[in-house]
Amino acid sequence: MAIGLMEAAPNAEQMQEGLSLPSGIKPSRRQFLVSATGGFMLQFCLPGLSRFASAAGVPAPTAINSYIQIGTDSRITVLFGGCELGQGAMSGLAQIAAEELMVEWTQVKSALAPLGPITYITGGSSAIRNNYLPLRQAGAAVRMMLIRAASNHWGVSVNQCYANNGTVIDAPTKRVLTYGALALAASKLAPPAKPTLIPDAALRLIGKPLVRLDMADKTNGRAIYGIDVRLPGMVYAAVRHAPMLGGTLASTPTNRNGVTFVNLGTAVAAVAGDTHSAFSALGEGDDDGGGSGGGGFKWTTPPNAAQIASTVFATQAATIMKQGPVLESEVVGSALAAKSTSTTTIDATYSVPYLAHACLEVLNCTVNLTPTFCEIWAPTQVAGWAQAAAAAITGLPLAAVKVNVTYLGGGLGRKLETDCIVQAVQIAKAIKKPVKLTWPRQEDFQRDKYRPMAVSYLRGSLDSSHNIVAWWNRVVTPSISAQKGFITAGAEDGGAVEGAVTLPYAMVNRLVEFGPHPSPVPIGWWRSVGVSYNAFFVESFIDELAHATSQDPYQYRRRLLVNNPRFLAVLDAAAELGGWNTTLANGHARGIAIAETFGTVVAQVVEISGASATGLRVVSVACAVDLGRAINPDSIEAQMQGGIVHGMGAALWGHITFANAAASVQNFNTYRLVKMSDMPTIKVKILPSTNPPSGAGEPGVPPFAPALANAYFRATGIRARSLPLFPAASHMGD
Amino acid sequence: MVTLTINGVVQEVNVPSNEIPMLWVLRDIVGLTGTKYGCGIEVCGACTILVDGSPRKSCQMSVNEGVGRSITTVEGLSPDGVSHPLQKAWVQLQVPQCGYCQSGMLMSACAHYNSGSNGDGIEIDNLCVCGTYQRVKQAIQLAATL
Ligand code: FES
Ligand code: FES
C-alpha cells in the first residue's frame with residue numbers, strides 16, 4: 001500500500017499499549033511509547049469538534065487520537081486524528097506543535113493518525129479552533145521532557161538547560177544534545193502535569209505564512225486520495241440508486257459480461273475489473289444517465305413520490321410561515337408589542353434552495369474484509385462513524401475495524417456522512433474480495449445530503465431616529481439534526497437559526513422563531529451550515545432597512561454596531577479595503593455584508609459590473625476577517641478566497657429542485673460553478689488579534705451572497721430575495 | 001493489448017476494450033492515479049492530460065486514440081516531481097487546497113506554459129471547487145519567470 005502518509009504511523013498493537021495524555025494536559029498514565037524508529041512518541045487526545053459533536057449527540061473523543069513522534073534522527077512527526085480536506089489543518093496543527101517544540105519547520109512532518117476507536121470529527125471549522133491549546137500543551141510537554149532528559153544525562157540542573165532548534169543546550173558549558181539522541185531517555189520520563197507554554201513575544205512559527213506540508217505531493221500526483229487507493233486483487237464497484245428518492249431495486253439483475261450485481265436495497269452495485277466497466281454496466285455515462293432510469297433496472301416507485309417536489313415544499317413552507325408550528329429560538333424584550341411604538345415597519349420574505357456539495361472527488365470507499373478484520377480506506381471527515389457503521393454491518397468488534405483516512409478531494413460537510421462507506425462494506429461482504437466503490441458523478445448529485453432549503457420572514461420596526469425597536473424573524477427550514485435523529489422531530493434546533501440569532505446589531509426587542517419543515521429530502525451539513533442562508537436573509541434585510549430610511553448601508557451598519565467594537569473593526573476594515581467611499585466606475589456597484597460563523601467575523605465588500613436581469617460580473621471582493629490569533633495567514637487567505645468562490649457559485653447559479661422524487665441535477669453541466677474566467681480579484685485582510693484562534697474554513701462563505709445581492713440592488717433597483725440570482729444561467733461547459 | 005507511450009515510457013497495456021476511456025486505463029490499469037475523475041463528461045477538466053502536447057480531457061478519449069501518440073500525465077511533468085517551473089510556482093504560491101483538481105489544472109497550465117504565452121491562463125476552463133483560481137493565475141505568471 002503506497003499511502004506515504006501512513007508510513008510513520010504506529011500499528012494497532014502499539015496503539016493499544018499506548019498511554020494517553022488526555023487533552024494534552026493531565027497525563028493519566030505516565031509512560032510513552034518507543035516507536036519503531038527507536039525514538040519516542042507522545043500520545044494525547046485532541047478534542048476535535050466538541051460543539052458539533054455535542055449538537056450531533058456524539059461524545060467528545062477521549063481516546064488517543066494524536067501523536068508527536070521524535071525519531072532518533074531528530075525528525076519530528078505530528079500525527080493527528082482528523083483529516084485534511086484542503087483547509088491546511090494538518091500543516092496548521094504541526095505548525096503549532098513545532099512552535100512549542102522549538103524546532104525548525106523543515107524538521108517537521110505531518111500525517112494523519114491511524115484510527116483506533118476515536119470519535120474525532122472534522123467539521124465546523126474546528127481543527128485549529130479546538131485543538132490549539134491542547135496541541136501547544138502537548139508540544140510543550142515534549143520539549144520539557146527532552147530538556148529534563150538532557151539535564152539528567154549531564155547531571156546538571158534542569159534550569160540551566162534550554163531547547164534550541166531541535167537540540168538541548170547546557171547553558172554554562174554550551175554542550176549540545178539533539179532531540180534524536182534524547183528521545184529514548186525522554187520517553188522514560190513522566191510528562192509534566194502543567195507544561196509551560198512559550199510566551200507570546202517569543203513565538204517564531206505561529207503567525208507565519210509557512211509553506212504547507214502537503215503542497216509538493218499535490219502537484220505531482222503523489223497525494224493519495226480515497227479514490228486512488230489500490231489493493232492487490234482489488235475489484236472495482238460502482239452504484240446506481242433508484243431514480244426516485246425512497247425507491248428500491250425491484251429485482252436483482254443477472255450477472256453479465258463479467259459484471260457482478262449486488263442488491264443494496266435503495267441501489268444496485270456493479271462489480272467489475274475496472275471502474276469504467278462498472279459504470280457502463282450501470283448505464284452511467286449513457287445519454288439518459290442518472291436519475292432518469294437508465295441501465296434497464298427495475299425499481300419500485302415510492303408511494304409519496306409526487307409529494308417530493310419543490311412546488312409542494314414551497315406550499316408547505318408558506319403554510320408553516322403563516323400558521324406555524326414554530327418554536328422560539330431567541331426572545332429579547334417583546335418584539336411583537338414594540339412594533340406599535342415604531343414609526344416605520346418593513347417586512348420581506350426571502351428564500352434559498354437546496355444545494356449540492358459537489359466535492360470534486362466523488363464519494364468512494366475501499367474495503368478489505370476478512371472473516372476477522374475489516375480495513376477501510378476512505379476520504380472521511382469522521383472516521384469514528386465509519387468505523388461504527390462497518391462494525392455494525394460485519395458484526396466485528398470495533399477493534400477489528402480499521403479506518404485509514406486518506407486525503408479528501410474536498411469535504412464541504414458531505415464526507416461527514418457514511419452512506420458510501422456502508423455500501424462499500426456491504427459490497428465487500430457480498431463479493432468477498434477487496435473492493436473499491438466509486439460513485440459516478442450522477443449519483444453524487446442525485447444522492448447528496450443537500451444543504452436544506454430555507455424560507456425566512458423578517459420584519460423590522462424603526463423609530464423616528466431609525467433605531468430598530470423591534471426585529472421579528474421567522475425561519476422555516478428542515479432540521480438536519482432532527483432528520484439524522486440527533487434531536488426529536490419538531491424540536492428546537494439551534495443549527496437551523498445559526499446566523500439569525502445573537503446578532504451583533506443594536507436591536508431593542510427581538511424575536512427569532514424556527515419553523516421545522518417536514519421535507520423528506522436528505523439533508524446535511526454544507527460549508528457554513530445555517531449561517532449560509534441566515535446571513536443572506538439578515539444582511540439583505542438590514543440593507544433594505546438602510547435603503548428604506550435613505551441611509552448608506554455601511555454607515556447604517558456602523559450605527560447599529562456602535563456597541564460592538566469587534567464587528568465594527570472588521571466592517572471598517574472591509575469598507576476601507578474595498579474602497580467603499582471611493583468613486584465607482586460607470587456601471588459598477590458595491591454591496592457590503594458582515595457575518596459571524598463559528599466564532600469568526602468576516603465582512604465583505606463586493607463590487608460588480610454589467611448587472612442585468614440575466615447576469616453580472618463580480619469585479620472584486622474585499623474581505624476582512626477576525627479569527628483571533630492567525631496561525632498561518634497564507635492558509636487563512638486561501639480559505640477566504642475559497643469560501644468566497646464557493647459562496648459566489650451558490651449565489652449566482654446554485655440550486656437543486658425536486659420533481660417526482662428526483663433531483664434536477666445529474667452533473668456539472670447543469671450545476672455551474674465559478675471558473676477561472678468568472679474570477680474576481682479578491683483581497684483579504686486579517687485583523688491582528690491575540691484572542692484564541694477560531695475557524696477559517698467556512699466563515700468566508702456567508703457574507704458573499706448578501707453583499708452580492710446588495711450590490712445588485714444598488715445596480716439595478718431589483719431586490720433579490722431568493723437565491724440563486726440567475727437560475728437560468730446554470731449551464732456549464734458546451 | 002495496446003501499445004502506449006506514457007510519460008516517455010513505451011508499454012504494452014492490457015485493456016478490456018479499445019473503447020475504454022484513457023482516464024480509466026491510466027488510473028485502474030496502468031496505476032497512474034494522479035489523473036482524476038470528476039464528471040466523466042468533459043466539463044470539469046480533472047482528467048486533463050497532454051496528448052502530443054495538447055491538453056485533452058481523458059474521460060471521453062478512447063484508449064485507441066492514444067495509440068501512437070505521446071501521453072503526458074501529471075506524474076510526467078518532471079522526473080523528480082518537484083522541478084518543473086509550474087510545480088515550483090505552485091508550491092511557492094501555495095496553490096492547492098484539497099488538491100484534487102490540481103493535476104488537471106497543472107496539465108492545462110503546462111500547455112499554456114509550453115505555448116510561451118505570457119498571459120495568466122484565464123482561458124483555462126478547469127473546475128476548482130476549492131476556488132484556487134486567483135493563485136493559479138499568479139502561479140502561471142510566476143512559472144513563466146522561473
Ligand atoms: S472527468 Fe473528464 S472533464 Fe471531468
Ligand atoms: S484544490 Fe480542491 S478542487 Fe481545486
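In what follows, chains are A, B, ... by sequence order, proteins preceding strands, each numbered from 1. These numbers come from a predicted model, not from an experiment.
- Using a 4.0 Å cut-off between charged side-chain N and carboxylate O, A:K675 and B:E123 make no salt bridge.
- Listed here is the closest heavy atom pair of B:I20 and A:D274: CD1-OD1, 3.6 Å.
- Interface summary for chain A: among B:Q102, B:E75, B:K137, the most heavy-atom pairs under 4.5 angstrom belong to B:K137.
- Remark: the backbone N or O of B:R27 is paired with a side-chain donor or acceptor of A:R230 at under 3.5 angstrom.
- Contact count versus chain B (heavy atoms, under 4.5 Å) is highest, among A:L673, A:V674, A:D678, for A:V674.
- Heavy-atom distances place the backbone of A:P680, and not its side chain, under 4.5 Å from chain B.
- In this structure, chain A has heavy atoms under 4.5 Å from both the backbone and the side chain of B:I122.
- When B:P21, B:C59, B:S17, B:P16 are each tested for a side chain to side chain contact (heavy atoms under 4.5 Å, CB included) with A:H276, only one passes: B:P21.
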Check against side-chain contact (heavy atoms from CB on, under 4.5 Å), A:H646 and B:V129: CA-CA 7 Å; A:H646 207 78; B:V129 177; 4.3 Å; yes

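- Contacts of A:F668 with chain B are made by both backbone and side-chain atoms, with heavy-atom separations under 4.5 Å.
- With respect to chain A, the highest number of heavy-atom pairs below 4.5 Å among B:S103, B:A46, B:C128, B:G31 belongs to B:G31.
- For B:C101 against A:L360, the heavy-atom pair with the smallest separation is CB-CD2, 3.4 Å.
- In terms of heavy atoms, B:I124 sits closest to A:M676 at O-CB, 3.4 Å.
- Using a 4.5 Å cut-off on side-chain heavy atoms (C-beta onward), B:C98 and A:E361 make no contact.
- Ring centroids of A:Y225 and B:Y37 are separated by 6.0 Å or more, keeping the two rings apart.
- Among A:I644, A:D634, A:V362, the residue with the largest count of heavy-atom pairs under 4.5 Å with chain B is A:D634.
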Please step through side-chain contact (heavy atoms from CB on, under 4.5 Å) for the pair B:Q134 and A:K683, ending with a clear verdict. CA-CA 10 Å; B:Q134 185 155 317; A:K683 286 188 275 187; over 6 Å; no

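- Of the inter-residue distances, the one linking A:L408 atom CG with B:Y100 atom OH reads 11.5 Å to the nearest 0.5 angstrom.
- Proximity to chain B (any heavy atom under 4.5 Å) is shown, for A:A216, by both the backbone and the side chain.
- In this structure, A:T219 and B:P96 approach most closely via the heavy-atom pair CG2-CG, 4.1 Å.
- The shortest non-hydrogen separation linking A:R212 to B:Q97 is NH2-O, 3.4 Å.
- Checked against a 6.0 Å centroid threshold, the rings of A:Y236 and B:W24 do not count as neighbours.
- Taking B:D125, B:V25, B:L106 one by one and counting their heavy-atom pairs under 4.5 Å with chain A, the maximum is reached by B:D125.
- With respect to A:D228 and B:K36, a salt bridge is recorded, a charged nitrogen being found less than 4.0 Å from a carboxylate O.
- Ranked by heavy-atom pairs shorter than 4.5 Å toward chain B, the options A:S677, A:A638, A:G221 are led by A:A638.
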How far apart are the C-alpha atoms of B:I41 and A:R441, what are their side-chain angles, what is the distance that settles it, and do they pass the side-chain contact (heavy atoms from CB on, under 4.5 Å) test? CA-CA 10 Å; B:I41 56 166; A:R441 174 57 65 189; over 6 Å; no

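- Heavy atoms from other residues, nucleotides or ligands lying under 6.0 Å from CG of B:D80 number more than 12.
- What you find for A:V211 and B:Q94 is that their closest heavy atoms are CG1-NE2, 3.1 Å.
- Considering only heavy atoms from C-beta on, A:N220 comes within 4.5 Å of B:Q87 through its side chain.
- Contact of B:V95 with chain A is made through the backbone alone, with heavy-atom distances under 4.5 Å.
- Per-residue counts of heavy-atom pairs under 4.5 Å with chain B were compared for A:V645, A:N667, A:T438; the largest is that of A:N667.
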